[in-house]
Amino acid sequence: MTHAPNAKPLIIDGLNCAAVTREQMQRTLDGGVSAINLTATRPQAGLHDALLQLEELRKTVAAMPDLATIVTSVAEIEAAHAAGVVGIIIGSQNSLMVEGDVALLGTFKRLGMRIMQPTYNERNAFGYGASFVNDGDRGMTESGRAWLAAMEANGIIVDLSHSGLKTSADFIAAAKRPLVFSHANAYALHPSPRNKTDALIRAVADKGGLTGAVAWPPLLRFDRMPTVEDVVDHFMHLIKVAGVEHVGFGGDIPEGFPPNPEGWAKMWGQHGIYPNVTGPMGDWYTYENRATDGINTMSKVSAMFDRLKARGVPESDVDKIMSKNWLRIMRDVWGE
C-alpha cells in the first residue's frame, strides 16, 4: 500500500504493552505516535514461551501492513513514520528467557529484539527487581555482569525500569554504553518503588541515556486519580534533574490489557501481585479508573506534548523529548 509522506512530528512511546490489534494501532496513529517499544514477550516468559510469543507477534503484524511494521533500525523507524504506519520495536521487560546462557541474547537480536530489561519486579539470575526496593536488593550479580557485557556486545538497549535501586545503580556504574529507564517517574515527586531517585536519573543521563516519564497511575500518585498535568509535572522534574537531552516518553498506558476487570484486579488492582506498587492506591483506583485522566488512550498522546509547550518548554526541546533523544540513543547502541 502506498502512503503519502507524513508531515507530523515523529513521536516514540518508550514502553507499550497494549494489545496489537487493528483498533489499537489506529488509536496509536491517531495520537501521533510513530513507533512503540512493545513488550513483545510477557515478563514471566521462559525461552519456549518467548519464542512462541515473538512468532505470534510477527504473524499479527504481517496481517496489518497498512497499519504497522516491525522495525529494527532508526532508518526503519523513520521509514515507517514517513509511510504513516506504526513502527513496532520488539522489546522485553525481563530476561528470563536467557537465564540459562546469555549467549542467547545474540539469537534474540537476530529475531529482532532491540531493548531488554535484566529484571522485572522480582529477583532473577541477573539482579533484583523493584519489589526489593526496601527489602534486600543486593544489586547486580556476576551473571548480571555477563548479561550486560553481552547486551552491549550485541547492540541491544539496556533498560533498567523495573530494577531495584541498588541493582540499577550497579548496572549504570558498570555500563560502557548509554542505557535507559524507558518508563519510570521521579521518586522525589512520588515515592513508588518503581520510580527512580534523582541520583539514578542523573547517573543515567551522565551515561548518555534517558528516563521516560510514565502515564500509569501508580507511578503518579496514590491519593486521587491523576491527570495529564501530573505526568507533565514529572516531565518538568526530569528536565530539571537530567537535562532535556535525557528525557523521553514511556507511556505504559493500560489500554486493552488485561482485557477484563477480574484479570486486572488479580494483576494490577490494590490487592494485585505487586502489593508495594499498587497496594497504597486509594479506593478510587478501579478497573474503570485504571488510566490517567487526559491520557487514558494512545489517541491522546500528542495532546500531552501540547501541555509541555503550555508549561513553557520550547518546541525544539519538546521535539527532543518526543523522539530525538530516543533516536540518538538508538543510533549509538544499535549502530544502525
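Here the structure is a predicted model, which means the values were calculated and not measured. Just so it is clear, the values below take in all heavy atoms, side chains as well, and ignore hydrogens, waters and symmetry mates.
Side-chain atoms of Ser95 and Phe126, non-hydrogen and from C-beta on, do get closer than 4.5 Å to each other. Looking only at side-chain heavy atoms (C-beta outward), Met116 and Val158 stay at 4.5 Å or farther from each other. In this structure the side chain of Val180 reaches within 4.5 angstrom of the side chain of Trp326, judged on heavy atoms. The side-chain heavy atoms of Val214 and Val231, taken from C-beta on, include no pair separated by under 4.5 Å. Between Thr292 and Met225 there is no side-chain heavy-atom pair separated by less than 4.5 Å. Residues Met64 and Val20 have side chains in contact (heavy-atom distance under 4.5 Å, counting atoms from C-beta outward). Within the 4.5 Å cutoff, side-chain heavy atoms of Phe305 are placed close to those of Val301. Side-chain atoms of Met322 and Ile12, non-hydrogen and from C-beta on, never get closer than 4.5 Å to each other.
Distance check, rounded to the nearest 0.5 Å: CG of Leu38 to CZ of Arg114 gives 14.5 Å. Once rounded to the nearest 0.5 Å, the distance linking OH of Tyr187 with OG of Ser192 reads 8.5 Å. Separating the OG1 atom in Thr28 from the CD1 atom in Ile88 is a distance of 8.5 Å, to the nearest 0.5 Å. Once rounded to the nearest 0.5 Å, the distance linking CH2 of Trp334 with OG1 of Thr72 reads 7.5 Å. To the nearest 0.5 Å, the span separating CZ on Arg194 from CH2 on Trp216 amounts to 7.5 Å. Rounded to the nearest 0.5 angstrom, Ser182 OG and Gln93 CD are separated by 6.5 Å.
Annotation for Arg224: atom CZ counts as buried by contact number, over 12 foreign heavy atoms lying within 6.0 Å. Asp283 CG: 12 or fewer foreign heavy atoms inside a 6.0 Å radius. Annotation: Arg123, atom CZ; neighbour count of heavy atoms from other residues, nucleotides and ligands within 6.0 Å does not exceed 12. Atom NZ of Lys266 has 12 or fewer neighbouring heavy atoms from other residues, nucleotides or ligands inside a 6.0 Å radius.
Between Arg22 and Asp66 a salt bridge is recorded (basic side-chain N to carboxylate O distance below 4.0 Å). With respect to the salt-bridge test (charged N to carboxylate O, under 4.0 angstrom), the residues Glu78 and Arg331 qualify. Taking 4.0 Å as the cut-off between side-chain N and carboxylate O, Asp30 and Arg27 do not count as a salt-bridged pair. Salt-bridge annotation for Glu55 and Arg58: absent, with no side-chain N of the basic residue lying under 4.0 Å from a carboxylate O of the acidic one. For the pair Asp230 and Arg221, the salt-bridge criterion is met [side-chain N within less than 4.0 Å of a carboxylate O]. Using a 4.0 Å cut-off between a side-chain N of Lys or Arg and a carboxylate O of Asp or Glu, Arg311 and Asp233 qualify as a salt bridge. Checked for salt-bridge contact, Asp206 and Arg202 miss the test: no charged N lies under 4.0 Å from a carboxylate O.
A donor and an acceptor atom, one from each side chain of Asn16 and Asp252, are nowhere located under 3.5 Å apart. Side-chain atoms of Ser92 and Thr41 form a donor-acceptor pair, as typed in the model, at a separation below 3.5 Å. A donor-acceptor contact closer than 3.5 angstrom links the side chains of His237 and Asp198. Using a 3.5 Å distance cut-off with no hydrogens or angles, the side chains of Thr297 and Glu255 do pair a donor with an acceptor. In summary, the side chains of Asn121 and His162 do present a donor paired with an acceptor at a separation below 3.5 Å, with no hydrogens or angles considered. Side-chain atoms of Asp293 and Thr227 form no donor-acceptor pair, as typed in the model, at a separation below 3.5 Å.
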Apply ring pair (Phe, Tyr, Trp, His ring centres under 6.0 Å) to residues His190 and Phe222 and explain how you reach the verdict. CA-CA 8 Å; His190 178 60; Phe222 299 135; 4.2 Å; yes
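Side chain of Asn37 to backbone of Gly14: a donor-acceptor contact under 3.5 angstrom is found. Checked by atom type and distance alone, the side chain of His81 never pairs as donor or acceptor with a backbone atom of Val86 at under 3.5 Å.
The two residues Glu245 and Arg328 make their nearest non-hydrogen contact at O-NH2, 3.0 Å. Contact detail for Ile11 and Gly31: the closest heavy-atom pair is CD1-O, 4.2 Å.
In this structure, the ring of Tyr274 has its center less than 6.0 angstrom from the ring center of Trp268. Between Phe171 and Trp147, the ring centre distance stays below 6.0 Å.
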